[in-house]
Amino acid sequence: MPRTIIPAAVSLGPSLRPNAWDLAVLPLALAILWVLAFGSAQMTTPYNIGDPLPISLDPGELPYYLMRSFLRMAAGLVFSLLFTLVYATLAAKSRYAEKILIPLLDVLQSIPILGFLSITVTGFIALFPGNLLGVECASIFAIFTSQAWNMTFSFYASLRTVPHDLEEAAAMFHLSIWQRFWQLELPFAAPSLIWNMMMSVSGGWFFVVASEAITVNSQTITLPGIGSYIAMAIAEKDLSAIGWAILAMLIGIVLYDQLLFRPLVAWADKFKFESLPGEEIPTSRLLDVLQRAKLVRALGAIPAFFWEWSLVLFHKRTDGLSKSGEKSFRLPWFDRLWTVFLLGLAAFAVYRIGDYVRAEVGLDEVLHVFLLGLITAVRVIVLIAIAAAIWVPVGVWIGFRPRIAQTVQPIAQFMAAFPANLMFPVAVILILHFNASVEIWTSPLMILGTQWYILFNVISGAMSMPSDFRAVADNLGLKGWLRWKRMILPGIFPSFVTGAITASGGSWNASIVSEMVSWGDTTLMATGIGSYIADNTQKGDFPRIALGVAVMCCYVMLFNRQVWRRMYRLAEERLRID
């Protein structure tokens with residue numbers, strides 16, 4: 001008997017008359033609409049290349065600059081979320097697509113933000129001639145590249161580690177691919193995804209300075225924003241302006257936390273796989289107000305109606321018992337052919353890049369840059385190991401205490417969002433004052449903005465650990481190292497790997513701004529591939545920029561394939577909690 005496609009009823013309530021909660025929400029809604037309208041108008045003003053866009057260090061301009069930067073960050077977050085849902089799902093569901101998409105993601109993650117800007121800015125400006133929107137799009141795209149990869153890796157890891165009993169329940173209910181995604185996979189991944197969204201937004205502030213300074217035809221276009229304000233304050237050695245920038249960012253991050261992330265964390269708590277008895281439930285006053293506002297519920301019923309309708313429309317067409325409902329069988333010969341094709345395509349790309357670089361810079365410099373990459377690789381390995389040793393125990397301790405996690409969340413967000421560029425003056429002054437080694441003491445700057453990926457992911461993994469797993473460990477009396485070995489490390493391992501891989505990639509990117517630091521007219525340069533790329537970017541030497549980016553990509557891909565991917569497989573096959 002054919003199934004009738006009738007969506008579940010969505011109740012709009014007995015009356016749509018506004019209540020007191022609607023009156024509380026109205027000012028906030030009007031303020032958000034005004035910011036969106038005003039900010040959009042400012043981002044689409046007429047502009048021609050060569051026109052000046054002056055930046056003032058007057059603290060009174062900071063609210064306007066902060067609004068412009070926040071709108072760019074919000075736009076980048078929206079595009080990153082859409083990209084994550086599509087890209088990660090396709091990579092997790094198709095073994096053929098996975099062989100392309102995951103290595104490609106490794107490459108994209110390893111390309112420095114300066115590389116993306118130099119490649120895309122001309123195209124975006126050509127799309128919107130005579131308008132500032134082209135430059136704004138280039139900046140938003142650069143911010144997108146600083147957010148999307150972490151979210152994509154997190155969602156991909158969640159899709160690959162859905163517990164077996166949930167998968168069996170989905171099979172028993174004969175859920176279609178569409179129903180399975182919306183009713184099982186996305187809810188299961190939501191808590192971890194939201195934590196990584198927070199981390200992506202916070203980590204994006206590290207690169208906001210570079211994203212708001214666009215270079216076209218040897219001319220730098222400085223967009224109004226908090227990043228440009230910080231860059232000018234550093235260039236002019238204005239410590240008071242830096243202090244005002246820190247205060248403005250603190251206020252902005254608190255607003256972001258209260259208006260967006262805290263409500264999302266409280267809402268996503270219902271999707272946790274399991275909770276411990278008596279565990280503190282995350283709360284959000286704004287979420288409570290929105291849920292009690294009658295008109296908000298009525299407006300929310302509209303997308304809910306279409307969502308329910310889609311679940312009925314895209315139901316499974318078979319009962320799962322007939323031959324048509326069986327999974328398609330694998331073709332070993334096609335798998336091998338597909339692998340050979342991809343290897344051939346990669347070899348051709350490597351040949352073309354190598355031929356271009358050899359013709360422009362010579363083989364000796366190629367070997368020199370690989371040596372520079374090895375020096376940076378040693379720094380990355382040491383820093384990731386130190387960060388893991390510090391933040392894994394801290395993250396587990398916080399994740400097992402949800403009430404503390406709510407308190408720590410905005411603090412961690414601020415620390416993650418704190419631009420490491422603001423520490424450059426301190427680093428330069430201290431290195432010069434104590435005559436310290438530039439090679440050693442500029443290295444910590446690489447991890448300042450990326451170590452938080454490990455902390456956030458470990459907190460998320462600890463919070464989502466199944467209660468029965470923890471209860472069994474308590475009943476068996478596991479303590480000390482044995483408890484860590486048998487319960488905690490297996491439970492947080494997938495989340496830790498996600499955090500470590502993004503922290504590693506972020507550290508490689510951060511090397512560009514950390515191995516060559518400036519304070520006014522004083523510049524310190526450490527030996528490494530990051531300083532090589534940054535120096536040649538300032539000189540406009542595109543062949544050497546391409547060489548540096550290509551070598552960095554090779555190192556990042558080597559690490560991802562030989563270290564992090566093997567850890568992913570270990571998490572999926574042996575350390576999976578069911």
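Note that the numbering runs from 1 along the sequence shown for the chain.
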J.: Please examine the side chains of Asn457 and Phe496, heavy atoms only from C-beta on, and report whether any two atoms are closer than 4.5 Å.
T.: no
J.: Quick one: list whatever passes ring-ring contact (aromatic ring centres under 6.0 Å, His included) with Phe559, sequence neighbours left out.
T.: none
J.: According to the ring-ring contact (aromatic ring centres under 6.0 Å, His included) rule, which pairs have a member within residues 426-446, sequence neighbours left out?
T.: none
J.: State whether the side chain of Thr145 and the backbone N or O of Ala142 hold a donor-acceptor pair below 3.5 Å, judged by distance alone.
T.: yes
J.: Is there a side-chain contact between Val549 and Cys553, using heavy atoms and a 4.5 Å cut-off?
T.: yes
J.: Can you tell me how far apart CG (Leu264) and CE (Met197) are? Round to the nearest 0.5 Å.
T.: 6.0 Å
J.: Under the criterion side-chain contact (heavy atoms from CB on, under 4.5 Å), I'd like the reasoning laid out for Leu432 against Leu524: C-alpha separation, chi angles, the key distance, then a yes or no.
T.: CA-CA 9 Å; Leu432 292 176; Leu524 301 179; 4.1 Å; yes
J.: How close do Cys137 and Phe128 get, counting heavy atoms only, and between which atoms?
T.: SG-CE1, 3.9 Å
J.: Step by step, would you call Ile375 with Glu515 a side-chain contact (heavy atoms from CB on, under 4.5 Å)?
T.: CA-CA 11 Å; Ile375 295 173; Glu515 291 181 345; 5.9 Å; no
J.: Would you say the side-chain atoms of Tyr156 and Glu98 include a donor-acceptor pair closer than 3.5 Å?
T.: yes
J.: Got a second to check how far Leu383's CG is from Met446's CE, nearest 0.5 Å?
T.: 6.0 Å
J.: Applying side-chain contact (heavy atoms from CB on, under 4.5 Å), run through Val369 and Arg544 and close with a yes or a no.
T.: CA-CA 9 Å; Val369 174; Arg544 286 172 172 78; over 6 Å; no
J.: Does the side-chain hydrogen bond (donor to acceptor under 3.5 Å, both in side chains) test come out yes or no for Ser192 and Ser154, once each step is laid out?
T.: CA-CA 7 Å; Ser192 177; Ser154 169; 3.2 Å; yes
J.: Passes ring pair (Phe, Tyr, Trp, His ring centres under 6.0 Å), Tyr87 versus Trp149? Steps please.
T.: CA-CA 10 Å; Tyr87 195 100; Trp149 320 139; 7.8 Å; no
J.: Please report the shortest heavy-atom distance between Ser240 and Asp238, naming the atom on each side.
T.: OG-OD1, 2.6 Å
J.: Hey, could you give me the CD1/OG distance between Ile55 and Ser228, rounded to the nearest 0.5 Å?
T.: 4.5 Å
J.: Specify the closest pair of heavy atoms between Ala503 and Ile454, including all atoms of both residues, with the distance to one decimal.
T.: CB-CG1, 4.0 Å
J.: Would you kindly say whether Ser511 and Thr376 are connected by a side-chain donor-acceptor distance under 3.5 Å?
T.: no
J.: Would you check if the side chain of Ser200 reaches a backbone N or O of Gln147 as a donor-acceptor pair within less than 3.5 Å?
T.: yes
J.: Please, which pairs that meet salt bridge (charged side-chain N to carboxylate O under 4.0 Å, His left out) have at least one residue in residues 63-75, sequence neighbours excluded?
T.: Arg68-Glu136, Arg72-Glu136, Arg72-Glu212
J.: Ignoring hydrogens and angles, tell me if any N or O in the side chain of Ser139 forms a donor-acceptor pair with the backbone of Ser211 under 3.5 Å.
T.: yes
J.: Can you tell me how far CG of Leu367 sits from CG of Leu372, rounded to the nearest 0.5 angstrom?
T.: 11.0 Å
J.: Check whether any side-chain heavy atom of Ser158 sits under 4.5 Å from a side-chain heavy atom of Leu193, and report yes or no.
T.: no
J.: Indicate the atoms forming the closest heavy-atom contact of Ala526 with Thr442, along with that distance.
T.: CB-OG1, 3.5 Å
J.: Measuring only between side-chain heavy atoms, which start at C-beta, is Leu53 closer than 4.5 Å to Leu132?
T.: yes
J.: Do Thr152 side-chain atoms and Ala148 backbone N/O form a donor-acceptor pair below 3.5 Å?
T.: yes
J.: Give a yes-or-no answer on whether the side chains of Ser56 and Asp58 include a donor-acceptor pair shorter than 3.5 Å.
T.: no
J.: Spell out, as yes or no, whether a donor-acceptor pair under 3.5 Å connects the side chain of Ser504 to the backbone of Ala500.
T.: no
J.: Could you tell me if the side chain of Phe70 sits less than 4.5 Å from the side chain of Val35, heavy atoms only?
T.: no
J.: Which pair of heavy atoms, one from Ala268 and one from Ile194, lies closest together, and at what distance?
T.: CB-CD1, 3.3 Å
J.: Are Ile459 and Trp397 close enough that some pair of their side-chain heavy atoms sits under 4.5 Å apart?
T.: no
J.: Say you draw a straight line from CH2 of Trp452 to CD1 of Ile447; how long is it, rounded to the nearest 0.5 Å?
T.: 10.5 Å
J.: Any heavy-atom pair between the side chains of Tyr532 and Val551 that's under 4.5 Å?
T.: no
J.: Check the side chains of Glu61 and Tyr229 for a donor-acceptor pair under 3.5 angstrom, ignoring hydrogens and angles.
T.: no
J.: Quick one, Phe400 with Ile488, criterion side-chain contact (heavy atoms from CB on, under 4.5 Å). Give me CA distance, side-chain angles, the key distance, then yes/no.
T.: CA-CA 10 Å; Phe400 283 173; Ile488 297 177; 4.2 Å; yes
J.: Hey, can you tell me if Phe141 and Phe124 have their rings parallel, tilted or perpendicular (30° and 60° cut-offs)?
T.: tilted
J.: Suppose we screen for ring-ring contact (aromatic ring centres under 6.0 Å, His included). Which residues come up paired with Phe370, at least two apart in sequence or across chains?
T.: none
J.: Scan for salt bridge (charged side-chain N to carboxylate O under 4.0 Å, His left out) pairs involving residues 431-457, sequence neighbours excluded, and state none if there are none.
T.: Arg379-Glu439
J.: Flag the pair Glu236 / Leu57 as yes when at least one side-chain heavy-atom distance between them is below 4.5 Å, and no otherwise.
T.: yes
J.: Let me check something: any side-chain donor-acceptor pairs from residues 388-396 under 3.5 Å, sequence neighbours excluded? List them with distances.
T.:
unit_1, atom_1, unit_2, atom_2, d
Trp391, NE1, Gln451, OE1, 2.8

J.: Supply the atom-to-atom distance Tyr64 OH to Ser69 OG, rounded to the nearest 0.5 angstrom.
T.: 10.5 Å
J.: Determine whether more than 12 heavy atoms belonging to other residues, nucleotides or ligands lie under 6.0 Å from atom OH of Tyr555.
T.: yes
J.: What's the shortest heavy-atom distance between Ala88 and Phe155, and which atoms?
T.: CB-CD2, 3.6 Å
